[in-house]
Amino acid sequence: MILPSVIVIGIFVYGLLGVNFWTSMTDNHSAAQAADQEPIAFVGLTNYIDLLLTEQFRHSLANLVLFTLAFLIGAMVTGFVWAWLLERPIKGGRTFQTIYLFPMAVSFVASGVVWRWLLNSSQGEGASGLNRLFQLIGVDLLQNPWWNNVTFGILAIALPAIWQLSGYVMALFLAGFRGVPEELREAARMDGATEWQIYRRVIFPQLTPVVMSAIVIIAHMSLKSFDLIMSISGASNYQTKVPAIDMFVFKSGFDYANAAAVGAFLLIIIAFLIVPYLIHQHRERTR
């Protein structure tokens with residue numbers, strides 16, 4: 001019964017991963033080679049080394065680290081705080097949850113179009129978006145070039161990502177909070193624990209699986225972010241380049257070897273994040 005699934009996964013997942021790694025170790029850098037009009041030679045790890053020695057790719061990796069950290073920390077902290085505030089039933093809480101979760105239903109492409117206008121870098125008389133808002137309320141000091149900043153422009157792209165996914169993190173933490181049995185809270189109160197001690201000693205330890213799941217989901221989404229960045233800044237902007245954008249640019253120029261090498265880099269980075277989590281989950285289930 002499972003043989004058809006094993007065959008399909010073997011071919012279209014692991015088989016194509018093998019093809020990708022093989023392509024990344026060849027000199028397939030031109031349209032003629034891609035069309036089998038010129039020979040392709042095996043070059044080993046040369047493409048990987050050349051990419052790491054390129055300043056532009058190192059800039060993409062640095063942007064990826066900044067984006068991942070900002071996206072992860074921002075979404076986790078924002079989602080956790082709202083879940084903590086909404087843990088107890090309050091008037092209008094359900095309505096707020098629905099509204100706050102709504103951005104998750106919007107595609108990154110659609111939200112990127114809106115945020116491209118909000119994060120417009122024009123300042124002064126020609127300002128629009130958030131810069132115009134800052135101008136109207138008299139805080140011109142907050143006007144900035146947003147994603148056009150060469151060093152930290154990628155952090156501006158993290159803002160719409162946090163806005164879109166923090167509601168999902170809130171929902172995860174709410175489920176975690178409400179999954180803690182009320183009996184545990186009552187037992188802690190009878191033992192003389194304060195509310196803070198109940199959260200610290202009873203509730204927060206119960207949220208460890210939720211935290212791990214949220215970190216893995218948000219982190220792997222940030223590592224392969226593409227559509228949001230493309231919608232806001234495009235593929236040609238040095239300021240917001242990340243490896244996924246590089247892969248698209250290489251592939252569009254028939255540089256299949258470097259495109260495959262970038263894809264392999266992303267796979268290795270994601271594996272370092274996912275594999276320890278899967279091992280931890282397996283150990284928890286087999287205890």
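Worth knowing before you read on, the calculation uses all heavy atoms, side chains too, and leaves out hydrogens, waters and symmetry mates.
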query: So, does Asn20 use its side chain to make a donor-acceptor pair with the main chain of Ala260 at under 3.5 Å?
result: yes
field: Heavy-atom side-chain proximity of Thr95 to Ile99 below 4.5 angstrom
entry: yes
Trp147 and Arg116, any side-chain heavy atoms less than 4.5 Å apart: yes
- prompt: Just how far is it from atom OG1 of Thr68 to atom CG of Asn63, taken to the nearest 0.5 Å?
  reply: 10.0 Å
message: Taking salt bridge (charged side-chain N to carboxylate O under 4.0 Å, His left out) as the cut-off, I'd like each qualifying pair that reaches into residues 23-39, sequence neighbours left out, listed once.
response: none
query: Judged by modelled atom types alone, do Gln97 and Arg94 share a side-chain donor-acceptor pair under 3.5 Å?
result: no
- prompt: Mind checking whether Ser122 and Arg132 have side chains closer than 4.5 Å, heavy atoms only?
  reply: no
- prompt: Do you reckon Ile49 sits in the same ILVMFWY cluster as Tyr256, going by side-chain contacts under 4.5 Å, direct or chained?
  reply: no
Pair Asn148, Gln239: side-chain N/O donor-acceptor within cut-off below 3.5 Å: yes
- prompt: Do you know the tightest heavy-atom contact between Ala171 and Leu101?
  reply: CB-CD2, 4.0 Å
query: Distance from Phe226 atom CZ to Ile229 atom CD1, nearest 0.5 Å?
result: 9.0 Å
query: Mind checking whether Tyr168 and Ile73 sit in one hydrophobic cluster, side chains of I, L, V, M, F, W, Y counted as touching below 4.5 Å?
result: yes
Derivation of the ring-ring contact (aromatic ring centres under 6.0 Å, His included) call for Trp82 and Phe173: CA-CA 9 Å; Trp82 281 120; Phe173 276 117; over 10 Å; no
task: Give a yes or no on whether Leu3 and Phe12 share a hydrophobic cluster (residues Ile, Leu, Val, Met, Phe, Trp, Tyr; joining criterion: side-chain heavy atoms under 4.5 Å apart).
output: yes
- prompt: What is the distance from atom CG of Leu66 to atom CZ of Phe71, rounded to the nearest 0.5 Å?
  reply: 15.0 Å
query: Is a salt bridge present between Glu182 and Arg185, judged by a nitrogen-to-oxygen distance below 4.0 Å?
result: yes
- request: Take Glu195 and Arg189 through the test side chain to side chain contact (heavy atoms under 4.5 Å, CB included) and record every step on the way to the result.
  value: CA-CA 8 Å; Glu195 284 300 312; Arg189 291 190 183 98; 3.0 Å; yes
Evaluation steps, side chain to side chain contact (heavy atoms under 4.5 Å, CB included), between Leu228 and Trp115: CA-CA 9 Å; Leu228 180 64; Trp115 278 95; 5.7 Å; no
ILVMFWY network linking Ile157 to Met76, side-chain heavy atoms under 4.5 angstrom: yes
field: Inter-residue atom distance Asn47.CG - Asp255.CG, 0.5 Å rounding
entry: 7.5 Å
Geometric class of the Tyr100/Phe96 ring pair [parallel <30°, tilted 30-60°, perpendicular >60°]: parallel
task: Look at atom CZ of Arg201 and say whether more than 12 heavy atoms of other residues, nucleotides or ligands are closer to it than 6.0 Å.
output: no
Contact check, side chains of Leu159 and Trp163, non-hydrogen atoms, under 4.5 Å: no
- prompt: Can you check side chain to side chain contact (heavy atoms under 4.5 Å, CB included) on Phe134 and Leu130, steps first, answer last?
  reply: CA-CA 6 Å; Phe134 294 149; Leu130 292 179; 4.3 Å; yes
message: Please determine whether side chain to side chain contact (heavy atoms under 4.5 Å, CB included) holds for the pair Val216 and Ile274, giving the CA-CA distance in whole Å, both sets of side-chain angles, and the decisive distance to 0.1 Å.
response: CA-CA 7 Å; Val216 169; Ile274 299 295; 3.1 Å; yes
message: How close do Gln123 and Pro145 get, counting heavy atoms only, and between which atoms?
response: NE2-N, 3.5 Å
- prompt: Tell me, do Asn149 and Asn144 make a side-chain contact under 4.5 Å, heavy atoms counted?
  reply: no
query: How are the rings of Tyr48 and Phe265 set to each other: parallel, tilted or perpendicular (split at 30° and 60°)?
result: perpendicular
task: Mind telling me whether Trp196 and Phe204 have parallel, tilted or perpendicular rings, with 30° and 60° as the class edges?
output: perpendicular
query: With under 30° as parallel and over 60° as perpendicular, where do the rings of Tyr199 and Phe177 fit, or are they tilted in between?
result: perpendicular
Crowding at CD1, Ile268 (>12 non-hydrogen neighbours, <6.0 Å): yes
message: Around atom CZ of Arg58, are there more than 12 heavy atoms from other residues, nucleotides or ligands closer than 6.0 Å?
response: yes
- request: Could you pull out all residues at least two apart from Thr151 that satisfy side-chain hydrogen bond (donor to acceptor under 3.5 Å, both in side chains)?
  value: none
query: How about Met221 and Phe108: do any of their side-chain heavy atoms sit closer than 4.5 Å?
result: yes
message: If you count heavy atoms of other groups shown closer than 6.0 angstrom to CZ of Phe42, is the number above 12?
response: yes
- request: Taking the side chain as every heavy atom from C-beta outward, state whether Ser60 and Val262 have any atom pair closer than 4.5 Å.
  value: no
statement: Residues Ala110 and Val106: closest non-hydrogen pair is CB-CG1, 3.8 Å
query: Could you state the interatomic distance from CZ (Phe57) to CG (Asn258), rounded to the nearest 0.5 Å?
result: 9.0 Å
query: Just how far is it from atom NZ of Lys241 to atom CZ of Phe248, taken to the nearest 0.5 Å?
result: 12.0 Å
Closest non-hydrogen atom pair, Ala188 against Val202: CB-CG2, 4.0 Å
Contact summary for Ala219 and Leu72, nearest pair of heavy atoms: N-CD1, 4.3 Å
- request: Please say whether more than 12 non-hydrogen atoms of neighbouring residues, nucleotides or ligands are located less than 6.0 Å from CG in Leu141.
  value: no
task: Take Ser233 and Thr240 through the test side chain to side chain donor-acceptor pair (under 3.5 Å) and record every step on the way to the result.
output: CA-CA 7 Å; Ser233 63; Thr240 55; 2.5 Å; yes
- prompt: Got Val109 and Met230 here, is their nearest side-chain heavy-atom distance under 4.5 Å?
  reply: no
Shortest non-hydrogen contact from Val242 toward Ser225: CG2-O, 3.9 Å
- prompt: Does Leu85 belong to the same Ile/Leu/Val/Met/Phe/Trp/Tyr cluster as Ile203, with side-chain heavy atoms less than 4.5 Å apart forming each link?
  reply: yes
query: Would you call the rings of Tyr238 and His59 parallel, tilted or perpendicular, where under 30° means parallel and over 60° means perpendicular?
result: parallel
